Structures are given as structure tokens and as C-alpha cells.
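Only heavy atoms go into these numbers, but all of them, side chains included; no hydrogens, no water, no symmetry mates. Model, not experiment: these values are computed from the prediction. Lettering follows sequence order; numbering is per chain, from 1.
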There are 2 protein chains.
Amino acid sequence: MNHDSSLVNRLTDRLIAGELRPGERLSETALAKEFDVSRNTLREAFRVLGEQGLVTHIPHRGVSVASPSTADVVDIYRVRHHVECSVLEHAPRNHPNAVRMEAAVDAAEKFAAEENWLEVGTANMEFHNAVVSLSDSRRLMQSFSNVLAELRLAFLKVEVLDFLHAPFIGRNQEVIDVYRTDGPAAAATLLGAYLGDSERQVLGAYARAGQD
Amino acid sequence: MNHDSSLVNRLTDRLIAGELRPGERLSETALAKEFDVSRNTLREAFRVLGEQGLVTHIPHRGVSVASPSTADVVDIYRVRHHVECSVLEHAPRNHPNAVRMEAAVDAAEKFAAEENWLEVGTANMEFHNAVVSLSDSRRLMQSFSNVLAELRLAFLKVEVLDFLHAPFIGRNQEVIDVYRTDGPAAAATLLGAYLGDSERQVLGAYARAGQD
DNA sequence: CTAGCACTCATTGTTGAACAAAGATAGACG
DNA sequence: CGTCTATCTTTGTTCAACAATGAGTGCTAG
């Protein structure tokens, strides 16, 4: 997967893989020993993860894996609506990165057949990152990618990976088809409805799990 | 969020005030002594500034104040178009934060009368942050605020604060008026044209200054 | 003269130890 | 049962040291 051995990437990988659970306290000395780095180096990594929203830092109480609240989920979906829909709506009709979207759907289908839901989730994230990549904006992609990673923590928090992701693979494909045949505007409208449904499902899972 | 560091804030203030010029190299030992903190603490602050795009970090070569290229400016305006226009277009018709936009325009006019162009620029930034605040999304506001701060470094780089900002105060007011009378959609269209003009001016300044 | 090349030097990357400061924990007490 | 204090743990920060890398310097050969 990610072979970049930078400390931040190693930590990010473990976070989005769910090895470090949302809300879990991250002890500096323990993690420093585990990753075989000094506390100071680890703290530098913590700062960037904090800035990316993957980790919550409370002064004199240390850092914990971010544990998105219902309000956070709502906030994240606001971002998704604005960014994804706007980008898709104004994308040129035959953007080269459409193949990235296709590839993500293919990967998701493959993993779904194997019932590997964690990787289905990863492929789904890649699909939406691909959508935003139609903007040709490095900054928008970067910011959006951080928000999606945070959303993945929300999924992990309520532990409903399987049935949350599966139904949306087909809708991803549908978005691509409409984009190709009816154009960006129609695809954006479709994606907007898609996101609304997705948000409702996640909030439902939160309510069932009794989370705040 | 990052409360540990008034240090980050102190550095940010000096950056957007132009005391640390774009492209300027930031020596760890020198700055650590100047702010009377240790190198390690300063490095932690550098990480968050780097993540915010205010500072560029090159391994083994240290950090410099970000010096946005023409490509960066284009990228930043892509973000502005997507975020600002989408937020304004979908904003409710009478959002409370409209008063924030008004206040920013008033402040800009006051500073313009005093020919205090640096503060005019700050007020202008505040106007656009206020626009994005209509989204009611903490994350969108935070990301956007970072991008705007980076754009301010672009302004500082080509040193044309005065005539770049002055003409747009009236257009800010116009956006508010259209938002109130004709509604969000019309205001968004107007803002889009506004941003296009603004981008052209900045790129023109870059070309004149012979910057990349 | 200048293109390379080794060498030196300054800066960053990282470590480990140390201590202060704040929060968490637990036991004594009313 | 609650609360107050004493203790303990963890974070915040500093410092000194060294390794690793990049940049500047001057030498040599062509």
C-alpha cells in the first residue's frame, strides 16, 4: 500500500485501518517506543495529524484518535456537499481523471466480492477523492482528503463498515455513467442526492449506537 | 484547537503582517532565540504552519515563508471559486452572518479612508471568510481561512497591496446587496465574476513583477 | 579559465535525559 | 457519600549532543 515510511504516513495508515480506535488515548512514551522514535519526533507528527483532524489534542491531556461527534459528521457532510458537488458540476465533460473514478469503482467491486469491507471503504474514499481531483486543484484535493479520512474514523467509531459501503458502489458507477452521458450538471445533482442518503445512513448508525 | 501555541499565532501574525517576507528562510536557531523557545518547540509550530501552507518545508533544507508561484495562485483561485460560490449560492436567504460581511466592508472602507492598505487587506480577507461562514461548517471555514492566508502571502510577494484591494471594496458591498435583494444564486454569480477579475489582477501583478 | 572534486562548514534531523507543570488517582477524613 | 489533600503519571519544554545532509570553498587537472 503506502510505502512512504514517514512517521506521519505510518500513523495515518494505522488510523484509517482502525488499528488505533477512535477516542483511544495515544500515549507519547508508549507510541514513541512502539515506532522506535523519540518523543519529540512523535510530537511533531502529532501536530500535523492534529491539523488534519485525525487526532485531537487537549493541552496537558495529550492526544487521542479523533472521535467525530454527530455534529462533526454533519459538518463533514456539509463540506462534502459543497466541494464534491461544485467540483463535479463545473468539471469539463471529458476529464482525464474520470478513469480514476472508474478504477475506484472496479476496485470496490472486486473487494466487495471478497467481502473485504475495509478495502471497500478505502476504494470508496478513493472514488470521492477522484471526483474532487476533477477540480485540478492540489489544495482542494488535499483538504478534502483530510476530511474524508476524518469521516472514515466516524465509520470506524460506529462499526458498520459492511452494510454502509456496499449499497453505494452501484451509485458510484451511476454517477460516472450520468457524468458521461448527461454531463456534469446532472451528475452533480445525482451526487448531491447520493450524499444526502449517505449522511442519513451514517447519522442513523450513530443514533443506533447511542453515540453523541 | 491548537491552544498549546500562542507560538503558532505569533508566527502567523508576523507572516500575514509581512514582517517575514515570502521566500525568506527561517533559521531554527535564530527564530528559536528570537521567540525565546527551544528548537523542538519551534519545530512543532513549523509543522502546523507547514500543514496550513504558510510555510514550505524542504527536508534537510529547513523551512521558508511560503512564496506562492503563479501556479499556486491559480490553484488558490480554483478553491475560492468552488468554495465561496458554492457556499453563497446555497446559503439561506437571511443568514445571520450577513452582518459579519457588512462589518468587514465597513471596516475596509474605514481603513481605505486612512489609506491603511494592510488593514484594508485584512478586512477584505475577513469579508470572504464571512462569506464562507454562511456554510455553517467549521471545517470549511478553517480550510478556507488557511487558503486565504496563503493568498495574502502572494499579495505580499508582489507588493501591490493598495491598488489591488481598493477597487474591490465596492464590489463586496454589491455582493451583499444582491444577496439581500435578488437572493443567493444571483449573488453567487456576481461573486464568481468578481473572483475572475481578482484573479486576473493578481496574475497581472505577477507577470509585471516577473515572478514565476 | 573552468569543470569537476574533495573538504569543510553550517543547518537540519533525531535522540535521550532532565525538570516543571498540569491533570489523574487514591487514600484519609469529615 | 462526598471532598480534600498527597502522590503519581503524563505532558510541556528545554538542553546538549551527535548523525545526516546540503551548501559553500578552494584545489587540481585539463
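The CG atom of L42(A) sits 17 Å away from the P atom of dG13(C) (whole-angstrom rounding). To the nearest angstrom, C1' of dT14(D) lies 11 Å from CG of D36(B). Here dG22(D) presents its C1' atom at 13 Å from NE2 of H57(B), a figure rounded to the nearest Å. The separation between R47(A) atom CZ and dG12(D) atom P is 6 Å, rounded to whole Å. Rounded to whole Å, atom P of dT14(C) lies 16 Å from atom CZ of R43(A).
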With 3.5 Å as the limit, what N/O pairs link the protein to nucleotides 5-11 of chain C?
{"from": "dT11(C)", "atom 1": "O3'", "to": "R25(B)", "atom 2": "NH2", "distance (Å)": "3.3"}

Quick test: give all pairs of protein nitrogen or oxygen and nucleotides 4-7 of chain D nitrogen or oxygen below 3.5 Å, distance rounded to 0.1 Å.
none

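Under the salt bridge (charged side-chain N to carboxylate O under 4.0 Å, His left out) criterion, R25(A) pairs with no residue, sequence neighbours left out. Partners of E199(B) according to the side-chain hydrogen bond (donor to acceptor under 3.5 Å, both in side chains) rule, which considers only residues two or more places apart in sequence or in another chain, do not exist here. Partners of N116(B) according to the side chain to side chain contact (heavy atoms under 4.5 Å, CB included) rule, which considers only residues two or more places apart in sequence or in another chain, are F111(B), E114(B), L118(B), E119(B).
Residue pairs that meet the side-chain hydrogen bond (donor to acceptor under 3.5 Å, both in side chains) test with at least one member in residues 14-23 of chain B, sequence neighbours left out, are R14(B)-E19(B), R14(B)-E34(B). Within the structure, no pair that satisfies the ring pair (Phe, Tyr, Trp, His ring centres under 6.0 Å) test touches residues 35-59 of chain B, not counting sequence neighbours. Judged as a salt bridge (Lys or Arg N to Asp or Glu O under 4.0 Å), the pairs with a partner in residues 140-150 of chain B (not counting sequence neighbours) are, in order, R139(A)-E150(B).
Sequence order on DNA chain C of the closest nucleotides to R39(B) and N40(A) puts R39(B) first from the 5' end.
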Which pairs of donor and acceptor atoms, one on a side chain in residues 97-104 of chain B, lie under 3.5 Å apart (sequence neighbours left out)?
{"from": "N97(B)", "atom 1": "ND2", "to": "S133(B)", "atom 2": "OG", "distance (Å)": "2.8"}
{"from": "R100(B)", "atom 1": "NE", "to": "E126(B)", "atom 2": "OE2", "distance (Å)": "2.9"}
{"from": "E102(B)", "atom 1": "OE2", "to": "R180(B)", "atom 2": "NH1", "distance (Å)": "2.7"}

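Looking only at side-chain heavy atoms (C-beta outward), L140(A) and V83(B) come within less than 4.5 Å of each other.
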